[in-house]
Structures are given as C-alpha cells and as structure tokens.
Protein chains: 2
Amino acid sequence: MLGAKLKELREMNGYVQRQIAAELEVDTAYISKVENDEKPLSKSHLKKLSKIYKISERELLTIWLTDKIKELVKNEPTAKESILLALSEMK
Amino acid sequence: MLGAKLKELREMNGYVQRQIAAELEVDTAYISKVENDEKPLSKSHLKKLSKIYKISERELLTIWLTDKIKELVKNEPTAKESILLALSEMK
DNA sequence: CCTACTTTTGACCTTTGTTGTACAAGTTTT
DNA sequence: AAAACTTGTACAACAAAGGTCAAAAGTAGG
C-alpha cells in the first residue's frame, strides 16, 4: 500500500527511481524494494519525499504508519478486535 | 494496560508473583516488570497464563495485541487517522 | 517494632530481529 | 541496445526482547 502510493506519486511527478534515489542518497535497489513493499521505508525519508512529491508530510506519515499497523496485526486472529480496542482506549 | 489486567487476574485468582514466575519458569522480577508495563510480555507466555487465570487465550491475545498497537502509534500525530485507515483497509 | 514474605528497582547481559545499505546480476521497458 | 527496474544475497549496526541477579522497599501478622 505505501509502496504503491509512492510509485504512483513518483510517476505523477515524472521521476524515475534513480532520481529519487539520488535525492535520498540511497541505492536505486532500495527504492525499488520500497515501492514493492519488500523493504520498509525508513521514517527518516518521509520529509524529503513529501517535498519531492508535493504531498503533505502528515498525509505521508499517515499512510506510513497505517502500513506499520497492518504489518503488526497481520496474521493475528484478533486483529480487528484489537484495533477497535486500541482506538476506543485512545479517545 | 496489559500489565494492570494481568495483575488483576493474578489477584482475582489468588496467586503471588512467585507462583506465576514458577509456572512460567522465569524470575519474579520479570513478572513484576510485566505487570508494571516496564517490559513487554513475551507472546509465548500467553497460552499458559490464559490457563492459569482461566481466561480465554483469545481474550488475552486481544489485549496483548492492543498494547502493541498502542505502543506503535504512541507519540504519532496521525495515530487516530492511521488506525482508522488500517481498519477500513482490512474490512 | 521485628521479621518474613512479596514486590519493585536498577544494572546488566545475551540473543534475536530489523533496518538500512550495498553490489551484482537478471529482467523489463522503451 | 540503453535505460529503468527488479531480485537475490549479504552484512554491519543497532534496537528490542527477554530475561537474570542482588539489593532495596513495601506490607502483614505476631
């Protein structure tokens, strides 16, 4: 989900992976993996990416965090209950 | 939250920490810390605890996972949005 | 108030898991 | 064929998990 979004954003803004990799000073392989959800995106890159892709950092963070939550509860039989419970306890 | 629940369950069932520690084959200090949320409870202990405390394993797992979620989103400005988004994507 | 028991605290330790990264080679796209 | 992307493997660094031990501190009963 985050990967797909990042890819979409990149293409919308007319970049190739190499350019993004250069901006973030990482390997293009890393970008590829992130876009394919094979590696998590380092939180430290959110700010720069939000600038490059002209999206609010907050929106990107929301998606990023959502991914983390989904990863955490994946395969847990009580995923839904737990999320609902967490939510109700945070109000 | 999990810690408080565990303590409540233990007391309801009339045990002291030493007894629980013995059952789980760990140090009492560990039990103390878990009950005070200073250390996470290892998932591997859930089954035994649910038996000792006569609560369904599923219910204990729900609470345990809820704790993990809360820990994950703690201090994140987008916590609520992200949880809601995760939930909606899991339906 | 003593003392025996329970619980907490703090420092420490080892193992395991994750992250972030790199490089090379392969595949796909243009 | 060149450029872009993907994939496999490896690895060091670091953080977190899952404890232990000894000592301190709380708590009841006699």
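Nothing here was measured: the structure is a model prediction, and the numbers come from that model. Note on naming: letters A, B, ... go to the chains in the order of the sequence lines (proteins, then strands), and numbering restarts at 1 for each one.
Looking at A:Lys51 and A:Glu57, no side-chain N of the basic residue comes within less than 4.0 Å of a carboxylate O on the acidic one, giving no salt bridge. Checked for salt-bridge contact, B:Glu71 and B:Lys68 miss the test: no charged N lies under 4.0 Å from a carboxylate O. Salt bridge A:Glu76/B:Lys43: present, at least one basic N to carboxylate O contact under 4.0 Å. A salt bridge is absent between B:Glu23 and B:Lys48; no separation between the charged side-chain nitrogens and carboxylate oxygens falls under 4.0 Å.
An OP1 or OP2 oxygen of C:dT8 is reached within less than 4.0 angstrom by a side-chain nitrogen or oxygen of B:Asn36. Phosphate contact (OP1/OP2 of D:dA4, side-chain N/O of A:Gln19, threshold under 4.0 Å): absent. Residue B:His45 has no polar side-chain atom (N or O) positioned under 4.0 Å from OP1 or OP2 of D:dA17. Look at A:Lys33 and you won't find any side-chain N or O under 4.0 angstrom from OP1 or OP2 of C:dC23. Of the side-chain N and O atoms in A:Ser32, none sit less than 4.0 angstrom from OP1 or OP2 of D:dC5. One finds a side-chain N or O of A:Gln17 lying less than 4.0 angstrom from the OP1 or OP2 phosphate oxygen of D:dT6. Contact check, A:Lys7 against D:dT6: a side-chain N or O comes under 4.0 Å of OP1 or OP2. Side-chain N/O atoms of B:Arg10 include none lying less than 4.0 angstrom from OP1 or OP2 on C:dT6. Contact between the side-chain N/O atoms of A:Ser42 and the OP1/OP2 oxygens of C:dT19 is not found at any separation under 4.0 Å.
Straight-line distance from the CD atom of A:Glu35 to the P atom of D:dA4: 14 Å, rounded to whole Å. Between the P atom of D:dA17 and the CG atom of A:Leu72 lies a distance of 11 Å, rounded to the nearest Å. A straight line from CD1 of A:Ile31 to C1' of C:dC23 spans 16 Å, rounded to a whole angstrom. What separates CG of B:Asp27 from P of D:dA17 is a distance of 19 Å, to the nearest Å. Atom CG in B:Asp37 sits about 16 Å away from atom C1' in C:dT9, given to the nearest Å. In this structure, CG of A:Leu46 is placed 14 Å from P of C:dT19, rounded to the nearest angstrom. A:Leu41 has its CG atom 15 Å from the C1' atom of C:dT18, to the nearest Å. Atoms CD (A:Glu25) and P (C:dA22) sit 10 Å apart, rounded to a whole Å.
Of the candidate nucleotides D:dG8, C:dT19, D:dA22, D:dA22 has the atom nearest to the side chain of B:Ala29. The listed nucleotides are C:dC23, D:dG18, C:dG20; the one nearest the side chain of B:Lys39 is D:dG18. Of all nucleotides listed (D:dT6, D:dA4, D:dT20), D:dT20 comes nearest to the side chain of B:Tyr30. Counting only heavy atoms from C-beta on, A:Glu38 has its side chain closest to D:dT7 among D:dA4, C:dT19, D:dT7.
The main-chain N or O of B:Ser82 is found under 3.5 Å from a side-chain atom of A:Thr66 such that the two form a donor-acceptor pair. In this structure, A:Asn13 contributes its side chain and A:Tyr15 its backbone to no donor-acceptor pair below 3.5 Å.
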